[in-house]
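So that the names make sense, note that chain A is the first sequence line, chain B the second, and so on, each numbered from 1. Bear in mind the structure is a predicted one, so any value in this text is a computation, not a measurement.
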Amino acid sequence: MVWTQTSVSVKTAAATPNRWDLVALPLVVGLLALAAVGGHQMAAPLASLDAPAVSLDPWNLPDYALRSTLRMLAAMAASLLFTFTYATLAAKSRRAGMVLIPVLDVLQSVPVLGYISFTVVFFLSLFPGSVLGAECAAIFAIFTSQAWNMTFSVYQSLRSVPRDLDEAATSFRFSGWQRFWRLEAPFAMPGLVWNMMMSMSGGWFFVVASEAITVGDRTVTLPGIGSYLAEAIAQKNLGAVGWAVLAMLAVILLYDQFLFRPLVAWADKFRVEQTGAQEAPESWVLRLFQRTRVCRALLAPVEVLLGRLAWLRLSPLSSLAAALPPALQRRVAGPPSPALERTLDRVWYAVVAAAALALGWTMLRFIAGGAGWGDVGTVLLLGAATLLRVMVLIAIASLVWVPLGVLIGLRPRLAEMVQPLAQFLAAFPANLLFPVAVVTILRFDLNPDVWLSPLMILGTQWYILFNVIAGTSAFPGDLKEAASSFRIRGWQWWRDVMLPGVFPYYLTGAVTAAGGSWNASIVAEAVRWGDAEVTAHGLGSYIAQATAAGDYPRIVLGIAVMSLFVTLLNRLLWRPLYGYAERRLRLA
Amino acid sequence: MMMQNSPLFELHGVRQAYRKPSGPPYVVLDGVDLTLRDGEIVGLLGRSGSGKSTLLRIVAGLAQPTSGQVLHHGAPVAGPTDGVAMVFQSFALFPWLTVEENVLAGLKALRVPANEAAARAEEAIDLIGLSGFESAYPKELSGGMRQRVGFARALVVHPEILLMDEPFSALDVLTAETLRTDLLDLWMERKLPTRSILMVTHNIEEAVLMCDRILVFASNPGRVAAEIRVDIPHPRNRLAPDFRELVDDIYGRMTARKPLSAPPTTPVGTTGRPRPVYAEPLQQVSTNLLSGLMETLAAPPYQGKADLPHLAAALRHEIDDLFPIAETLQMLGFAEVAEGDIRLTEPGRLFAEAGMDDRKALFAEHLVHFVPLAAHIDAALAERTDHRVPYAPFARELEAFMSEAYAEETLNAVTGWARYAELFTHDREAGVFCRGEAE
């Protein structure tokens with residue numbers, strides 16, 4: 001299993017100085033607000049888009065599934081492009097890193113569906129009268145659910161390239177391009193692939209959510225599984241919901257077998273440890289390709305070409321420097337003076353601060369234009385309600401899944417069977433099952449403030465389960481033997497032996513689950529079935545309703561507050577816990 | 001050294017076997033008898049894979065034998081028993097507990113009242129030389145100090161029998177020696193709250209230094225090959241003639257021609273066919289080690305012949321390191337091992353003197369001649385026009401006659417040697433054996 005690796009951005013405590021967050025939050029949300037304002041104005045004169053009708057005939061589902069998958073792939077390609085440029089820039093330039101990393105930290109705390117509220121109008125106006133704009137908006141939303149953790153992973157890898165390998169590359173005088181493709185990219189690969197898998201797993205949720213979106217008077221429907229589901233909900237057709245669930249199951253299975261397992265098995269060769277892994281990941285598809293001579297022969301020229309490309313001595317800067325007169329060359333090549341560095345730093349700080357102030361001011365004015373202080377109070381209260389929901393749900397899920405995960409993890413056979421299932425359930429977009437819950441709530445007239453809450457954690461609780469299973473499976477056998485030999489049992493066994501051992505893994509699962517729950521709150525706190533709407537009080541439903549009403553100032557306010565809550569939760573809870581786990585609980 | 005009273009612990013006819021998904025079970029231990037008496041240190045000496053650690057775990061109650069009797073004071077044992085505590089090779093300390101909490105863990109499990117537990121913990125910590133480290137976490141300690149915590153944790157429960165699983169093998173030479181003498185001093189001064197010690201080791205000198213009785217284990221399946229009493233009085237001097245003589249004697253027993261090459265794991269395969277000659281387990285030994293040992297033996301002071309204990313000491317190799325190299329050289333016809341001595345053969349001498357290309361040619365010749373599996377794969381390759389044969393059938397064939405792990409090691413061993421000899425190579429991605437570049 002490859003899922004056991006932990007690489008969550010919350011762990012990059014050292015890389016993110018706190019004061020920069022003050023700057024990053026207005027930067028991100030302010031820019032998004034600008035995009036929304038601009039897009040809104042540009043699109044104002046345009047007529048509403050002709051939504052292509054979605055048919056509930058199950059025979060259309062393969063086609064819809066294909067389209068959803070293509071969106072996912074396009075978003076993944078965009079995420080990779082973004083990851084490599086952004087992470088490289090942040091890792092290579094100290095000054096860029098100072099801003100980019102906190103910005104990334106905020107970017108990932110902005111709810112994914114918040115991005116779509118902002119950007120859908122902007123993208124629609126880019127391609128007036130064509131579905132391309134709507135496609136771009138959906139792809140962008142999926143992109144925002146995938147890119148951040150991948151970027152963090154690559155950034156961390158780039159910053160931690162082993163010193164000896166780095167020195168070897170320097171002594172062979174690799175150019176920047178060669179160093180990147182021959183050393184840094186391969187080194188970052190296992191972490192990147194693992195994070196891609198996590199991203200994909202979370203991504204299906206947003207594929208479903210972003211295909212049928214209403215912003216104000218504008219309804220965008222893109223043919224896909226998500227819009228099929230939306231149509232099924234509108235027509236109150238539970239059978240069609242069932243078909244959508246089936247189609248999704250098939251898609252995820254195929255995706256896993258044909259894309260991810262091969263990728264993971266392939267990426268295993270980039271692992272730096274020289275000793276063989278205990279259990280190398282396997283993929284029958286990859287094996288097929290590697291063992292079929294025709295495929296090998298077909299792929300060989302591509303391989304050669306890529307190899308040549310990676311060995312190019314591309315380094316525009318050094319060839320530019322070579323063209324300079326010798327006196328200047330020395331100055332360029334020599335280390336810059338400390339005084340100059342300090343001055344440059346100050347100028348840089350000033351520029352960043354000014355940009356943050358300006359954007360922050362824009363954001364405030366924009367919010368103030370449509371919402372008053374009363375709204376701020378309300379939103380904070382609603383945020384607290386959603387926070388309470390998230391924490392209670394995580395606590396309940398932990399109480400259930402930690403003991404179960406440990407018991408499963410202690411039985412290797414069982415763990416082997418349950419682990420893929422848990423991962424599959426984590427990838428399955430829980431919003432496909434929301435209609436079932438809504439029908440139940442309506443039927444029994446349940447209190448939505450309580451009974452809508454479980455939906456938030458429906459899809460994300462599995463992260464806790466499979467991380468705990470992984471942690472238990474990785475628990476050292478000699479410690480288990482020692483505990484058993486000294487006859488440590490019962491509560492003492494849980495407290496002194498097992499819980500501390502799985503805690504770091506549990507934490508990774510809980511952080512992922514909590515993040516996912518915040519995101520899910522936007523769709524889970526306000527759900528529909530036909531004309532009936534069931535709403536819980538919370539920040540998620542506030543944003544959902546503001547989006548449906550096209551009320552931009554309130555969207556911005558809601559999203560800013562949610563980002564704030566998520567960031568604070570990361571800072572004040574998860575990061576200290578990670579620090580503790582790292583200091584105390586790491587198995588040497 | 002003490003009166004022979006009733007045994008503390010007895011094993012009779014213990015057998016441990018693991019069922020394989022197909023084929024006959026894989027036998028780890030067979031027909032083992034063991035008696036532990038008051039006041040003695042007993043050593044289980046053998047190579048890795050001889051089942052001695054499994055035996056220790058059976059005594060600890062961590063594993064149940066497939067068949068045979070396990071008696072503690074005459075009563076059958078099921079699960080971890082009172083009065084038995086274990087020291088682990090890897091220390092097995094809980095990294096999130098301090099030294100004191102680690103030591104207390106075993107007492108808490110016994111529900112010893114807090115005051116008494118604290119007093120006993122302090123006593124154990126003092127005894128083992130850990131005072132001042134009580135509040136440290138294992139991570140903050142050196143390997144030697146960590147293993148002292150391991151000892152304190154075991155001794156604090158006042159075990160009747162102390163079990164030690166290669167307790168010094170993860171430590172450097174100096175630290176290991178300090179810990180050994182400290183432990184022996186405490187034992188001789190009767191300061192340990194323990195009546196008997198059972199230890200697993202693969203270090204012959206360690207066994208002779210510490211034990212009153214040594215059980216020498218043979219592999220495949222693990223069984224007691226010899227029982228040796230050590231009557232040298234403590235403190236023992238490693239350089240004394242009687243000590244050296246005993247060490248030489250054990251080396252001789254362990255390198256005797258017969259128990260060396262593993263006896264057939266299974267005489268008849270799953271298919272009921274007789275075992276083919278090539279289905280013989282091999283040990284993975286790097287060709288660097290092989291040529292290194294040949295060069296060392298050819299050069300002064302050895303001039304082609306060496307005493308194994310002497311060689312082991314000079315090279316700082318323990319038997320687990322040295323024996324496989326020596327045996328592989330013997331199998332390949334480059335050396336002869338007997339009575340604790342190793343002697344280069346004529347080809348071995350030639351090899352040591354030759355240059356790179358001649359060495360490879362000579363090695364290839366011996367590989368095909370003396371290792372049936374290499375010849376078998378080589379012949380299969382020669383039959384195919386494309387010089388590629390699938391890997392899996394060979395693995396399956398071997399697995400019919402040995403455990404999966406042995407089959408893999410055997411194939412890895414052959415591949416490593418064949419690569420050096422430039423005979424053939426294993427393309428993992430394609431899953432085939434194939435000829436190298438030179439076609």
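Aromatic ring pairs are classed by plane angle as parallel below 30°, tilted from 30° to 60° and perpendicular above 60°; the pair B:F433 and B:F394 is perpendicular.
Looking at A:Q492, the atoms closer than 4.5 Å to chain B (heavy atoms on both sides) all sit in the side chain, from C-beta outward. Only the side chain of B:L110 comes within contact range of chain A, judged by heavy atoms closer than 4.5 Å. In this structure, chain A has heavy atoms under 4.5 Å from both the backbone and the side chain of B:D82. Contacts of B:R57 with chain A are made by side-chain atoms alone, with heavy-atom separations under 4.5 Å and no backbone atom involved. Proximity to chain A (any heavy atom under 4.5 Å) is shown, for B:A105, by both the backbone and the side chain. Interface residue B:F94: backbone and side-chain heavy atoms are both found under 4.5 Å from chain A.
Atom CZ of residue A:F486 and atom CG of residue A:D496 lie 13.0 Å apart, to the nearest 0.5 angstrom. Annotation: the span from B:Q284 atom CD to B:W417 atom CH2 amounts to 8.5 Å, rounded to 0.5 Å.
Side-chain polar atoms of B:S90 and A:D478 form a donor-acceptor pair below 3.5 angstrom. With no hydrogens or angles considered, a side-chain donor-acceptor pair links B:S169 and B:Q89 at under 3.5 Å.
The pair B:K52-B:E166 meets the salt-bridge criterion, with a side-chain N (NZ, NE, NH1 or NH2) lying under 4.0 Å from an Asp/Glu carboxylate O.
In terms of non-hydrogen atom pairs under 4.5 Å with chain B, the most contact-rich of A:A483, A:S484, A:P476, A:P500 is A:P500.
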